[in-house]
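Before any comments, here is the structure.
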Amino acid sequence: MSLINENFLELQDSYLFSTIAKKVVKFSENNPDKKIIKLGIGDVTKPIVPACLEAMHKAVDEIGTSNGFKGYGPEQGYEFLRKAIVENDYKQRGVQIEADEVFISDGAKCDCGNIVDIFEKDNRVAITDPVYPVYLDTNVMSGRSGKFNQEKGTYENIVYLPVTAENNFKPELPKEKVDMIYLCFPNNPTGTVLTKEDLKKWVDYAKENNSIILYDAAYEAFITEENIPHSIYEVEGAKEVAIEFKSYSKTAGFTGVRCAYVVVPKKLKGYTKNGEEVSLNKLWNRRTCTKFNGVSYIVQRAAEATYLEEGKEQIKQNINYYLENAKIIKQGLEEVGFITYGGVNSPYVWLKVPEGMTSWDFFDKLLEEANVVGTPGSGFGPHGEGYFRLTAFGTKENTIEAIERIKQCKK
Ligand code: PLP
């Protein structure tokens, strides 16, 4: 008899996106003449930029020659990409990271999920609420969450750190000692950011408590304001306490191409139950070599091309396009009295739903009256209730039209 991992039975089915899809299908069937605009998606829409395409074409031709053929590559990623990351994403921001601290992967989702392998089951985990669900569910799967409390909508062993308008979307340090802390800034879903000073408090907390910060910077490319760190390692001492996840998905439109990386500094230590220090870089390297055979050469060449001058320029234009959409959403909503957050250093605008409505009530209203689809905040955690997420990943034309319609139905 093969026994299953019963932790999986503790997972709560996420009905968020399937419920949205069902409601949209039903509405379309009943209203075939209505054009629905979707501002709920978290996927990019702009095509891969020419610099990356060119690099991929070149790599494709190369592997068709006997000199250029590539078989299995290094599990941790090719040196050319690891060095380009060190130079462009870190050195140019004044941060010293070494190439063997960078591990190339096929996505930040996998990295955020897989990293739990190297941590003990009894670690106490803190997540912000609302949250990108991967952090929570992967800890449930590995047995760190305890039981789910239906009434509260929370797991008994997880420490939830509310991020709401009341605390200006800055999570407060936990009152109790936690061992693993997930932070994601610019944040999905709220679109809000932390300053260097804000992050310093977390680094100090982690040092004092021997905790590890798991820092997801997947939306770093959208940062427009000064004093907002693009990497947690811009904060002094962070290399001793933080693992950082970055992705080419939202930066360079690689959601379908698949490439990301994780930085595990060599200074970073975990502990055995006997209190002996162990290098997390070594553990992660071992895990990577055992369970992963690397990202394709073609894709890594495409990722490298994001650091070419023309690559940077082309990508910047795409990011600016999305940021312009975010501005259209934010300003348009504010003009008719909505309170909005995010959208300045992020493709996500988080808004407060009108008084007396739940996130789902507002979803229904927008769908029926404006024919616009967004994402109810409650789908990201209990403290997302009363909020709503709109994304800037649509076309400019659709974004303008959607906001005009929302304005009309607010009047
Ligand atoms: N991290 C956050 C916060 C995200 O919102 C997403 C995708 O939406 C990811 C990671 C996934 O990134 P990737 O496409 O590299 O797996």
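Quick note: residue numbers are just sequence positions, from 1. As the structure lists them, so they are numbered: ligands from 1, and atoms in each ligand from 1.
In terms of the side chain to side chain donor-acceptor pair (under 3.5 Å) criterion, Tyr215 has no residue partners (sequence neighbours excluded). By the salt bridge (charged side-chain N to carboxylate O under 4.0 Å, His left out) test, Glu335 pairs with Lys407, sequence neighbours left out.
Figure legend: Lys46 and Tyr321 shown as a cation-pi pair, the cationic atom lying under 6.0 angstrom from the six-membered ring centre and within 45 degrees of its axis. For the pair Lys352 and Tyr387, the distance from NZ or CZ to the six-membered ring centre is under 6.0 Å and the angle to the ring normal is within 45 degrees. Annotation: cation-pi pair Arg82/Phe103 present, NZ/CZ under 6.0 Å from the ring centroid and within 45° of its normal.
Within 4.0 Å of ligand 1, counting heavy atoms only, the contacting residues are Gly107, Ala108, Lys109, Tyr132, Tyr135, Cys184, Asn188, Asp216, Ala218, Tyr219, Ser247, Ser249, Lys250, Arg258.
The list of ring-ring contact (aromatic ring centres under 6.0 Å, His included) pairs with a residue in residues 113-145, not counting sequence neighbours, reads Tyr132-Tyr135, Tyr135-Tyr182.
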